[in-house]
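Please read the structure below before turning to the comments.
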Amino acid sequence: MELKYREFTGLNLPAIEQEVLAAWTAGQAFEKSVSLREGATPFVFYEGPPSANGLPGIHHVISRTLKDLVCRYKTMQGFQVKRKGGWDTHGLPIELGVEKELGITKEDIGKKISVEEYNAKCREAVLRYKDKWDDITRKMGYWVDLNDPYITFKNEYIETLWWLLSELYKKGLLYESVSIQPYSPAAGTGLSSHELNQPGTYKDVKDTSAVAMFRATKDASSAFLFDAAGTDEVFFMAWTTTPWTLPSNLGLTVGPDITYVLVKTINPYTHQTVHVVLAQNLLGKYFKEENKDADFAAYANDGKNIPYTILGSFTGAQLEGLRYDQLLPYEANSPERVREITPDADPFRILLGDFVTTEDGTGIVHTAPAFGADDYRVGKKYNIGILTLVDRQGKFVDGLGEFSNRYVKNYKDDKDYVDVNVDISVKLKKENRAFKVEKYEHSYPHCWRTDKPVLYYPLDAWFIRTTALRDRMVELNKTINWKPKSTGEGRFGNWLENMVDWNLSRSRFWGTPLPIWKSVGSDNQFIDEREGGEEICIGSIDELNKEIRRAAEVLGGDTNKAFLENGIQDLHKPYVDDIILVSPSGKPMRRVPDLIDVWFDSGAMPYAQWHFPFENKETFKQAFPADFIAEGVDQTRGWFYTLHAIACLLFDSVAYKTVVSNGLVLDKNGNKMSKRLGNVVDPFDTIERFGADATRWYLITNASPWDNLKFDLEGIREVQRKFFGTLYNTYQFFALYANVDGFAFREAYIQMQDRPEIDRWILSSLHTLTQKVTAAMDDYEPTQAGRLIEDFVDEHLSNWYVRLCRRRFWKGEYEHDKICAYQTLYECLETVVRLMAPVAPFFSDSLFRQLNAVTNRFTVESVHHAYFPKADESLIDRSLEERMQMAQDASSLILSLRKKVNIKVRQPLQRVLIPVLDAGMKDQLVLIEDLIRSEVNVKEIEYLTETEGFIKKKIKPNFIALGKRLGARMKAVSAALAQFSQEDISRFEKEGQYSLLIDSEPVILQISEVDITSEDIPGWTVAGKGRLTVALDITITPELEQEGNAREFVNRIQKIRKDSGFELTDRIVVKVVAEGSLKTSLEAFRDYISAEILADELEFVSDISGGTDIEINDIVLKTIVLKKG
RNA sequence: AGAUCCGUAGCUCAGCCUGGUUAGAGCACUACACUGAUAAUGUAGGGGUCAGCAGUUCAAAUCUGCUCGGGUCUACCA
């Protein structure tokens, strides 16, 4: 038996997807899509590893759709696209999850639970939801190789990381330094910003704030200041909400472009006349306008209404480098001590910093490098040294006089605590060193565990010197194709310009250990480098094992006993921490306790996924850098950065050539999806209800991937109905008739010139579509591609081609014209399914398989193994596409006229008039005349030319052409043209140019510089669009009315046929009771009617028992329709 | 605090790069048609201070600046 195209019973995308999935599994479709391209040019894709300790969400579906469609597309373009999957398995979320599950806190680790057990728990938790992830991967149709994924906690993976780190170390790009971090003295631990962002950590508190007065040093560079003041004493005013940091002050920072003023005034506490410097914008905070230039003698010694006089103004830049006297000198912060810590430090100077604002304070920022990140950075730049006069318990160190050993905040809940900040402020007041002291309410972070304020504190950390290669990174970034471009230039480019060194250190448990060992003294403390401390960075497991053995030999005893037999088995804590190595000078070395930032894990995946350079050297070479990666835009400074940084630092290369960053998925109201709001969309549910294809199509076509997407299930429903529904209908239509006629594309391919106009048109459109879709996909614009396909299927294929060609499929014999129609429609379907396959992999493959099962035009079994269609330019006929557009417009206009006068389409009309403005237009119209006539049921089209004097024309300037030439005279010309009479216009047309007088200047217009359209046909009802105008003759002659009746009758009988469940080919016998004009109509068109309804007999009788009542133009007829035989 | 994206009809989005005189489409709503594809389709209708202000220009949704609103990222988050 002959193979038939499958006819569906209804569009059920989820069910179709189930079938396709089963076929993919059975046929190993994914594996084949890779193996079939063996030897082809590789297209390299990197999978950004998800963390499987959380459930997949709808936002994962969008980025994975994006990745998947690019990979499928490139495969169809002939590339071999391997997609190695991966899992991100380290990091804080996993630790926090485990802690929550076990009901413990960080302090309990090592006490209630050993690090070994803890890490074992983490390792378990890491792939907790792997099943769910595998499930969504499968159901959404994401093709990625999960048989051999890279997993970041594996020894091989970590070994590559160690190798990378040791390479960085060798290049001097990995170094230890202090950084300023949030620190909780009450808890005795550093806090990550993650912890700082816990709800409730930022609280409004009232702190004692002080405006301190720093006495300027008089020397050559500051002479201008003292000259302006006319005194020997000038103060810089600086504000702080943490007076306890004042003893550690080493600098004052001003904004380079801020204007500062020198003011003569009176200290409200000591009532002495003083000269102070502060930002001009902030004068109002300290002085009342009415006291400006007030009489100093009249001051009442009450601290109120202090007079002031401005003596001069300067920019911050002018103040740079000026010196001042230390505010609170003690033994512990003497310049000698400063230089003990930082040998060549040059403190107590005015510095410039971009971070200074005039929002608060004085515009001069008190700078204590140990206690603020900005302070530290600017301090380092100017080399002012660093003082940390507070210990890790949060109290002052010795050598600070009356403040020694006092807690800077009440960390111990001491009832009798006296605020040291107040005492410092009081001291300043007494010494004429405070200008204003007050309680200040602000938001300040607190430790989420102890509820005590944190302080920013310098802690040791390891850094990658990314700044060393900043320029190279910027340069390489310019070669990357960013989608959207602005992310690369703006967000990322900017980030690179302002990059700081990468702080790698994390004081955690479950992560990649930093492979650095440092020598320790007899007290087991690390020996400072300056005191002969040594360190080593391990770059491989082999090297570590060698060092383990060497240390055991040199140090003897039980050293590394546990590791001697089999070497190290697990590169995690606590095992690595048990290893003692030996320094070149024979001292024992211990590992620094730090783990590394998990972002290093993922940024190193190009190398670590292949265990490079220990294995797969050739594979790596083939797969670096990536041609394409894609993730959410939130990864810009995350994965996109770490990939780029590592590749640039170690390989002097980009890590990826194209990167697409997709936006967020919001709920339909534009809110972020969160569990708290209960507006998260379950991807499993969505896919089960609407199918993965509709979901994918919606996600891709609704908005550009990089725009935020307001996710609305209604939108998926619409996609399902409109796009998939239409395509499904088109396929069903094809299958229905192709099965009847046995079309299997067995006949020779009919050459284009032998096909009718409409076939050539749809094929031309199809090739234009292919061209545009290919361009869009090559440009990583799947949204454009999807919308183009949608448009084609809906507007062109279904609502024009199929609608106009319906009769060709069911009328007449199986011969040339019918075969043309089948071949054409088949080719459209076959091409469309391939064009859409990357985005909608299931339905496209289903249709592809149904079509190919009958025709065997492709040797591959899946659309995803086929090649992407190639546009054939020679089949593209622009003028044909243009005139078909004109046919559509004309039809639409005529239908609207019919509507206006209430004449239904079934009623034939005699003629339409179309004014033609030039010969070309008529040539085009003649070619599509038949289409228009049958579409709108009109017998003839008449073309009007101006010579008949019928058309009223309208002229307007072609602004684009004229604008440049005329400039300001444009308006006058426009007005002049509006006054043109019909005679003016025709003279213009005849002569090809026209001379106008504008402001007594001649302006010569060319015919090409104006647009002439037909406006009206006097005496007719017209409709127009652009250059096209139509007028409809609405006279219904008796003949036309008869034909209309006949058509009505046919329509009613067809309905009865259908309602009675007759087959398309059944012949029938019809009896009808008709009289008068209706009978005349039916008799006149008897042959036509019989042919249309496949009636062997059409009998007029005087009465019928039973039968059906039908109504034609308000007259009821009785009829009976019987199947013959 | 800095960076960046977005703001066009009730909703989802085109148009903006490259300025051109009536700002489009789909959905939704209303009415009328059509129907051998029917979970479709056509026609018509209402619906817009193109977020606001200022500037450049003969001409601004489009270019520039500022403001407002929303989102995201960075400041040891993963």
Side-chain angles (χ1 to χ4, degrees), chain A residues 10-11 51 54 88 90-94 96 179-182 190-197 354-355 357 359 373-374 459 461 484 486-487 489-495 498 500 502-507 597-599 602 632-638 663-664 666 668 670-672 701-704 706-708 710 712 714-715 718 720-722 725-726 728-734 736-737 787 790-791 794 798-799 802-803 806 809-810 891-892 895-900 902 904-906 956-963 966-974 1051 1054-1055 1057-1058 1062 1064:
Chain A
L11 178 59
S51 172
D88 191 15
H90 283 147
L92 193 63
I94 290 155
L96 291 180
S179 82
I180 310 303
Q181 307 170 28
L191 298 174
S192 66
S193 76
H194 176 93
E195 289 165 303
L196 223 50
N197 283 326
D354 291 331
F355 58 89
T357 69
E359 302 270 301
D374 284 334
L459 297 173
S486 60
T487 303
E489 284 171 358
R491 187 183 282 207
F492 195 67
N494 225 282
W495 162 250
N498 299 312
V500 295
W502 180 359
N503 185 342
L504 265 192
S505 291
R506 297 292 184 276
S507 36
D597 184 1
V598 289
W599 282 110
S602 50
V633 69
D634 51 337
Q635 296 291 345
T636 306
R637 274 113 177 214
L664 296 184
L666 309 170
K668 65 176 177 182
N671 298 312
K672 199 178 172 177
T701 58
N702 190 59
S704 275
W706 34 88
D707 284 338
N708 290 341
K710 287 184 192 161
D712 188 357
E714 271 312 308
E718 189 181 324
Q720 198 182 34
R721 204 174 53 228
K722 196 152 171 56
T726 306
Y728 159 82
N729 276 334
T730 308
Y731 168 81
Q732 283 288 86
F733 174 85
F734 167 80
L736 182 67
Y737 295 108
R787 286 174 177 173
E790 242 170 31
D791 258 19
D794 190 44
S798 172
N799 285 325
V802 173
R803 196 150 59 84
R806 274 197 304 247
F809 290 89
W810 55 267
S891 303
S892 158
L895 290 173
S896 80
L897 287 175
R898 275 181 171 276
K899 161 73 193 150
K900 201 174 273 171
N902 258 324
K904 52 182 78 172
V905 181
R906 231 181 268 124
K956 75 170 198 185
N958 180 340
F959 286 95
I960 298 173
L962 276 175
L966 295 183
R969 287 174 296 175
M970 192 72 229
K971 267 190 179 148
V973 169
S974 186
N1051 169 257
Q1054 297 289 30
K1055 192 165 158 47
R1057 282 185 62 113
K1058 198 178 170 194
F1062 295 173
L1064 289 173

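Protein chains get the first letters and strands the later ones, always in sequence-line order, with residue 1 at the start of each. If you're wondering where the values come from, they're calculated on a predicted model, not measured in any experiment.
Partner assigned to B/U12 is B/A25, using Watson-Crick or G-U wobble distances below 3.5 angstrom. Pair check for B/G19 finds none; no Watson-Crick or G-U wobble contact set falls under 3.5 Å. With both pairing distances under 3.5 Å, B/G46 is matched to nothing as a Watson-Crick or G-U wobble pair. Both distances falling under 3.5 Å, in either a Watson-Crick or a G-U wobble arrangement, occur for no nucleotide opposite B/U38. Nucleotide B/A60 forms no Watson-Crick or G-U wobble pair with any nucleotide shown, as no partner meets the under 3.5 Å limit on both distances. The base-pairing partner of B/C73, taking Watson-Crick or G-U wobble contacts with both distances under 3.5 Å, is B/G2. B/G7 and B/C68 make up a base pair, with Watson-Crick or G-U wobble contacts both under 3.5 Å.
Pairing each heavy atom of A/T701 with each of A/R787, the nearest pair is O-NE, 2.9 Å.
Comparing B/U38, B/A78, B/C13 by their closest approach to the side chain of A/W599 singles out B/A78. Closest to the A/N702 side chain, of the nucleotides B/C58, B/A37, B/U12, is B/U12. When each of B/U41, B/C13, B/A37 is scored by its nearest atom to the side-chain atoms of A/R806, the top-ranked nucleotide is B/A37. For A/T730, the side-chain atoms get nearest to B/A37 when compared with the rest of B/U41, B/A37, B/U12. Listed nucleotides: B/G20, B/A78, B/C27. Nearest to the side chain of A/E718: B/C27. When each of B/C27, B/U41, B/G20 is scored by its nearest atom to the side-chain atoms of A/R721, the top-ranked nucleotide is B/C27. Of the listed nucleotides (B/A78, B/C58, B/A37), B/A37 has the atom at the smallest distance from the side chain of A/N729.
Nucleic acid contact class of A/V598 (heavy atoms, under 4.0 Å, all strands): sugar-phosphate only. A/K722 comes within 4.0 angstrom of the backbone, heavy atoms only, and of no base. Note on A/N958: nothing from the nucleic acid sits closer than 4.0 angstrom, heavy atoms only. Looking at heavy-atom distances under 4.0 Å, A/S798 makes contact with a base. A/Q732 comes within 4.0 angstrom of nothing in the nucleic acid, heavy atoms only.
Taking atom C1' on both nucleotides, B/G10 is separated from B/C34 by 29 Å, rounded to a whole Å. Remark: the separation of the C1' atoms in B/A9 and B/A61 is 14 Å, to the nearest Å. Spacing of C1' atoms, B/U62 relative to B/A14, comes out at 14 Å, to the nearest Å. When the C1' atom is compared between B/A78 and B/C29, the two are found 46 Å apart, to the nearest whole Å. Straight-line distance between the C1' atoms of B/U22 and B/C17: roughly 25 Å, to the nearest whole Å. For the P atom pair drawn from B/C53 and B/C68, the interatomic distance equals 15 Å after rounding to whole Å. B/C50 and B/U41 are spaced 32 Å apart, taking the C1' atom of each and rounding to whole Å. If you take atom P in B/C13 and the same atom in B/G7, they sit 10 Å apart, rounded to whole Å.
The salt bridge (charged side-chain N to carboxylate O under 4.0 Å, His left out) check on A/R803 picks up A/E935, with sequence neighbours excluded. Residues forming a side chain to side chain contact (heavy atoms under 4.5 Å, CB included) with A/A972 (at least two apart in sequence, or on another chain): A/I998.
Relative ring orientation between A/F809 and A/Y737 is described as tilted, the plane-to-plane angle lying within the 30° to 60° band.
One atom, CG of A/N503, and another, P of B/A78, lie 11 Å apart when rounded to the nearest Å. Rounding to whole angstrom units, OH of residue A/Y737 and C1' of B/A37 are separated by 7 Å. Rounded to whole Å, atom P of B/G15 lies 13 Å from atom CG of A/D791. Atom pair A/K1055:NZ and B/C34:P shows a separation of 12 Å (rounding to whole Å applied). In this structure, the CZ atom of A/R803 is 16 Å from the P atom of B/A40, given to the nearest Å. In this structure, the CZ atom of A/R787 is 13 Å from the P atom of B/U12, given to the nearest Å. In this structure, CG of A/D712 is placed 19 Å from P of B/G26, rounded to the nearest angstrom. Going from atom CG of A/D794 over to atom P of B/A25 covers 14 Å, rounded to whole Å.
Using a distance-only test at 3.5 Å, with no hydrogens or angles considered, a donor-acceptor pair links the side chain of A/T730 to the main chain of A/T726. Panel note: side chain A/R506, backbone A/V598; no donor-acceptor pair is recorded below 3.5 Å.
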**Item:** Protein proximity profile, nucleotides 43-48 of chain B - base contact B, sugar-phosphate-only contact S, no contact -, cut-off 4.0 Å on heavy atoms
**Value:** SS----
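If you find the closest nucleotide of RNA chain B to A/E714 and to A/G725, the one lying nearer the 5' end belongs to A/E714.
Residues A/N503 and A/D597 have side chains not in contact (no heavy-atom distance under 4.5 Å, counting atoms from C-beta outward).
Note that CD1 of A/I180 is 8.0 Å distant from CG of A/L459, once rounded to the nearest 0.5 Å.
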**Request:** Let me see the working for A/S798 and A/N729 under side-chain contact (heavy atoms from CB on, under 4.5 Å), right down to the final yes or no.
**Result:** CA-CA 8 Å; A/S798 172; A/N729 276 334; 5.9 Å; no
